[in-house]
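Per chain, numbering begins at 1; letters A, B, ... match sequence-line order.
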Amino acid sequence: MSAKFKQPKVTAEMVANHGLNKEEYRKIKEILGREPNFTELGIFSVMWSEHCSYKNSIALLKTLPREGEALLTGAGEENAGAVDIGHGLAVVFKIESHNHPSAIEPYQGAATGVGGILRDIFTMGARPIASLNSLHFGSPDNPRVRYLVDGVVRGIGDYGNSFGVPTVAGEVFFDEAYTANPIINAMAVGIVKHSDLATATAAGEGNPIMIVGSKTGRDGIHGATFASEELSDASQERRPAVQIGDPFTEKLLLEATLEIIRQDLIVGIQDMGAAGITCSSTEMSARGESGIEIHIDKVPVRETGMTPYEILLSESQERMLVCVKKGCEERVQAIFDKWGLDSTIVGHVTSDKMMTVKLHGEVISRIPSWDLVLGGGVPVYHRETKRPAYLDELAKLNLTDYDLSRDWNDVLTTMLASPNLCYKGWVFEQYDSMVRTNTAVGPGSDAAVLRIRKTDKALAMSTDCNGRYCYLNPRRGARIAVAEAARNIVCSGGRPLAITNCLNFGNPYKPEIYYTFSEAVKGMGEACRVFNTPVTGGNVSFYNEDPARAVFPTPTIGMIGLVEHISHITTQWFKDDGDIIFLLGNTKEELGASEYLKVIHGHTKGDIPDIDLAEEKKTQDALLSAIQAGLVKSAHDVADGGLATALAECCITNRIHVRGASIEAGSTLRPDCLLFGESQSRVIVTASPDNSDKIESHFTQAGVAIKRIGSVGGSRLEIDDLIDVSLDNLIDAYYLAMDRFMEKIETAPVTT
Amino acid sequence: MKFGVVTFPGSNCDYDTYAAVRFILGEEVEFLWHKSSDLAGSDVVILPGGFSYGDYLRAGAIARFSPIMQEVVRFAEAGGIVIGICNGFQVLTEVGLLPGALIRNSHLRFACKQTTLRVERSDTRFTSGCDKGELLTIPIAHGEGNYYDFRGDIDELERSGQVLFRFVDATGEVTSEANPNGSANNVAGILNSKGNVLGMMPHPERAVEEILGSDDGLKIFKSVRAAFATPHPAGQA
């Protein structure tokens, strides 16, 4: 770095290029009492970017339920949320998006998304125990989409596999709405002793500030600002704004970080993610109500000629900012030396509440920390909303338009081979789902379940969001996303504890988009209150659109549940011949927004299924108590693809022990609604013949509709006189579909 | 008896292996740091899975130069029992304790799933608790597990009975569908000529409890313990 750094003069054009509007610039001048210099402009630009500041979302996010007796951290107050799970342990978890980087450079974009969320977990002092993801892509018929799927899956796999965290669950959803803007949400879960919980705070005047981990380079400069704008043809030029991941270094950083936390050598620690040194230093000092002074010339860099501006805004990966207890510097350094990592004192805590940057002793930036952060000086906007006209237009659905003279066997196999319903082994077999040997239920059941060592308990976890539902009815779609996540947890034997969310939407300055955001947040809050699952934190990703269209509103829910005893762990597949099959809940004449309409008729329309949250909660409570009483041999939520799809999954998803079934649904509904309608609050459960009366009375007494619909056995799936198909046919359709449509993968970037 | 589990900085199955030996098998076990030159009195040394030094160059290519590996080589050459699992197998081929090489999976993708292994011999220190031809359910998780026969060595290995585990289908047949990575002759695990060094791609430490989906891997750990209790006559595998 040159000793003399001449700051370029700030111009109106430069302000606009930094994504700041005139009003925001006026406010900056008011805060500083003067014009900002170039470095300060860069700092305000990233800190007030949507990605870091939540300026367009925080007012609504505050309406979500964020209280709960088991919560150990406030929503958004720390790197990740922490919830008590007994035995003096806490589960720490969070979900985050890496949509924009993955759209441009899928491998590194997805890999660094995983790396970032893992750091959020271990800066809390928690060892990551699981990684999940929620992926939404365009149609796989499109070669560029296949290129993105291939890169994203390899990126997630290579990072998590090398780091050594099992990737245990996730969803993969395809729809043309995501062609230009894939939605790549990564979630991580960790476990920590309460006494080892770390905080992202800098306090105590004179305490040294250290940068640890990788050296700082030019990668990812202004990544946060890039994530706060729409994609366009020019976005390909943003590839330098995508960071490069190094999972090996992250693994070393994990071990060293946990050592310094457990040896009680630090005051606080924060990951350097979006906006790098700038964001971590201002947020840590703002939380500690302190100031921070950074000597930018002391930061280890990996290339020459970097300006202070570049160093401050670099998003180089695998770095942490640590506030060390004075006197513990050498012990911290010894631990990082042992793991072969840099650790350098770059500054100290002050009492002036300012974030000060010095170059060779000379102040080059000085801003009040509080004015840079969420809850402080960051502008808060209440954006205009307008109900989009398409909502009423698409809600219309006339069932008589859909003929019923079909071979339902063909329809079922076509459904099972469709991109959204088929087996996703092509994806999750590229992930190490077993490392750390806690995985009791890996990818492919309703939720993943990991045992908690040295206890009898387990954690269930899932990610859910049906973007098509949220597009056609954002409020109810978000309610269903929460309800389905909870249903998945309960079907696996767990009690829902809390959620983290990742809200992926288009441009918030468009009133129609903001309406869908506002409605989705309302729906999510309503459902979370019913299920007693507070929101522990998460992430908002706006601007997921290109000139052609915005993505479907996609409020992804990541939910954690506690399984009280490992004997309660339940899987979706049928267990033994002769078991009795029951359906919980009611099947209604609901075909709107279904996979069936999309796959068979090519339609995205109709009102989405109704949901009565109180009824849903009652069903889930009764199911959990039935599981805990040992009455349930299998439980599977009836979701996308409806009853016939869910039954087929129960038959064949344990590939080693497939089971047939004969079903007498005895319904007067239209065949398409009966077989493929997606009525909510339904679960397929099985019980041994000995327990069949008990289970019926259990649910009846709880006031939950239960119907005995058939029994397990044979090598075919038969449903009324509509379906009679061999399991071999179902297996072929379901298991081979993704290999078939992914087999032609381009290895170089393909433009649409 | 005492087990040693080597920890390279990028090892990530070291704890799983430690836990399998300590909590399931119930034997003494200690981590052996890669910079150390001391095997801490271990009777059996295990090189666990993971990504030793990041493995960006080639799996195990750097690990072979580590101080601990110099000791492991001396230990093996003196007849000590060494097991390399996954990355450990890769390191053993790099350091020359086992023949051949492990190259990228034939489909060029990482693969994690349960596999069925056929035990080819029951008269070894690693399989005395199994029957010949027995099928074990043990998972794999690797990107470079394709055992490559680059000098026709595989025929020699087959002749001398050094192929210990093979990937097979559910009925025990060697088929190309059952081969998850393109390995020559469906090789999943091999012995050195003296029979004291085993390398295998599947992870027996992930198959030691029913809750993990299988406990077949425990048979390998128990066999090693039994072998240690009753040493084989010299020269016999």
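In this structure, the separation between CZ on B:R109 and CG on A:D150 is 4.5 Å, given to the nearest 0.5 Å. Distance check, rounded to the nearest 0.5 Å: OH of B:Y56 to OG of A:S162 gives 5.0 Å. Rounding to the nearest 0.5 angstrom, the gap separating the CZ atom in A:R453 from the OH atom in B:Y15 is 4.5 Å. For the atom pair CZ (B:R206) and OG1 (A:T439), the distance works out to 8.5 Å, reported to the nearest 0.5 Å. For the atom pair A:I656 CD1 and B:T116 OG1, the distance stands at 7.0 Å (nearest 0.5 Å). A:Q430 contributes atom CD, which lies 8.5 Å from atom NE2 of B:H107 (distance to the nearest 0.5 angstrom).
Here A:P247 is the residue among A:S433, A:G157, A:P247 with the most heavy-atom pairs under 4.5 Å with chain B. Heavy-atom pairs under 4.5 Å with chain A were tallied for B:D16, B:V208, B:N87, B:T17; the largest tally goes to B:D16. If you tally non-hydrogen atom pairs under 4.5 Å between each of A:N161, A:L252, A:N438 and chain B, the highest count goes to A:N161. Counting heavy-atom pairs closer than 4.5 Å to chain B, the top-ranked of the candidates A:F248, A:Y431, A:F163, A:F428 is A:F248.
Annotation for B:F31: atom CZ counts as buried by contact number, over 12 foreign heavy atoms lying within 6.0 Å. With a 6.0 Å radius and a threshold of 12 heavy atoms from other residues, nucleotides or ligands, B:K35 has its NZ atom above the threshold. Heavy atoms of other residues, nucleotides or ligands lying less than 6.0 angstrom from NZ of A:K575 number more than 12.
Side-chain atoms of B:N12 do not come within 3.5 Å of backbone N or O of A:V165 as any donor-acceptor pair. In terms of modelled atom types and a separation under 3.5 Å, the side chain of A:K251 and the main chain of B:G54 share no donor-acceptor contact.
In this pair, B:W33 and A:W339 present their aromatic rings perpendicular. The plane angle is above 60°, beyond the 30 to 60° band.
Neither the backbone nor the side chain of B:A20 comes within contact range of chain A, judged by heavy atoms closer than 4.5 Å. Contact of B:S11 with chain A is made through the backbone alone, with heavy-atom distances under 4.5 Å. For chain B, no part of A:D158 is nearby; none of its heavy atoms comes within less than 4.5 Å. With a 4.5 angstrom heavy-atom cutoff, B:E210 does not touch chain A via any of its atoms. Using a 4.5 Å cut-off between heavy atoms, A:I566 contacts chain B through its side chain alone, with no backbone atom that close. Of the atoms belonging to A:R451, it is side-chain heavy atoms, and not backbone ones, that fall under 4.5 Å from chain B.
Across B:K113 and A:E429, no two heavy atoms sit closer than the pair CD-OE1, 3.7 Å.
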Check the pair B:I211 / A:I569 against side chain to side chain contact (heavy atoms under 4.5 Å, CB included), numbers first and verdict last.
CA-CA 10 Å; B:I211 193 173; A:I569 295 172; 4.3 Å; yes
